[in-house]
Amino acid sequence: MLIAQGQNLASQVYRLTRRVPRGRVTTYQAIACALGRPRAFRAVGNALNKNPYAPQVPCHRVVRSNGKVGGFAGGTRKKIMMLKQEGVKIKNNKIDLSEYLYDFKRKR
DNA sequence: ACGGTGACGCTCA
DNA sequence: TTGAGCGCCACCG
């Protein structure tokens, strides 16, 4: 199933989130900023919540800017477990963004 | 068109 | 440091 490349906020979010490699994470704000709407981090979360491309779009790799895992359609607990499984260690329900944060603009 | 909701973020106390 | 409040944008009824 291909990702719809529409002009919608959601489509942009999916395409970007999909680039996040395993063992890395990103934040809602980072995505919004990368899309040129640093104030749309809310909409980003909404889009991921609906995320119709579950396996293709690693929405579980998207966390909050404060290091918190955030929420997850299947339960935050599950999200944390998935991240740990990919190599992302979580400290007290928090993630070291300084170590796992993936920069989009780093290479297109 | 309007109002409410949501997987958020920042500031203030 | 932690908690509460306000602001933000997009989608749905």
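All chains are named by letter (A, B, ...) in the order of the sequence lines, taking the proteins before the strands, and each is independently numbered beginning at 1.
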Please give, in whole Å, the distance from [N] [atom2] to [X] [atom1]?
| X | N | atom1 | atom2 | result |
| --- | --- | --- | --- | --- |
| A:Ile80 | B:dA7 | CD1 | P | 16 Å |
| A:Arg39 | C:dG7 | CZ | C1' | 10 Å |
| A:Asn66 | C:dA4 | CG | P | 15 Å |
| A:Gln29 | B:dG9 | CD | P | 6 Å |
| A:Asn8 | C:dC12 | CG | P | 10 Å |
| A:Tyr28 | B:dA7 | OH | P | 9 Å |

[X] side chain to [Y] main-chain N or O, any donor-acceptor pair under 3.5 Å?
| X | Y | answer |
| --- | --- | --- |
| A:Asn8 | A:Ala10 | no |
| A:Tyr100 | A:Thr26 | no |
| A:Lys79 | A:Val69 | yes |

The complete set of salt bridge (Lys or Arg N to Asp or Glu O under 4.0 Å) pairs with one or both residues in residues 44-67 of chain A, sequence neighbours excluded, reads A:Arg61-A:Glu86
Sorted by first residue and then second, give each salt bridge (Lys or Arg N to Asp or Glu O under 4.0 Å) pair with at least one member in residues 91-102 of chain A; sequence neighbours left out.
none
Is A:Thr27 near enough to B:dC8 that one of its side-chain N or O atoms lies under 4.0 angstrom from OP1 or OP2?
no
Distances under 3.5 Å only, N/O to N/O: pair up the protein atoms with those of nucleotides 11-13 of chain B.
none

With sequence neighbours excluded, residues passing side-chain contact (heavy atoms from CB on, under 4.5 Å) with A:Lys78
A:Phe72, A:Met81, A:Met82
Got a sec? Which of residues 83-100 of chain A come in under 4.0 Å of DNA chain B, heavy atoms?
none
Under 4.0 Å from any atom of DNA chain B, heavy atoms only: list the residues of residues 43-64 of chain A that qualify, in numerical order.
A:Asn46, A:Leu48, A:Asn49, A:Cys59, A:Arg64
Which atom names give the shortest non-hydrogen contact between [X] and [Y], and what distance separates them?
| X | Y | result |
| --- | --- | --- |
| A:Leu48 | A:Tyr28 | CD1-CE2, 3.7 Å |
| A:Cys59 | A:Asn51 | SG-ND2, 3.2 Å |
| A:Leu97 | A:Val63 | CD2-CG2, 3.7 Å |

Looking at the base of C:dG7, is there any donor atom on it, or on the side chain of A:Arg42, that sits under 3.5 Å from an acceptor on the other one?
yes
Would you say A:Val25 and A:Val20 make side-chain contact, with heavy atoms under 4.5 Å?
no
Heavy-atom count check: over 12 atoms from other residues, nucleotides or ligands less than 6.0 Å from A:Gln85 CD?
no
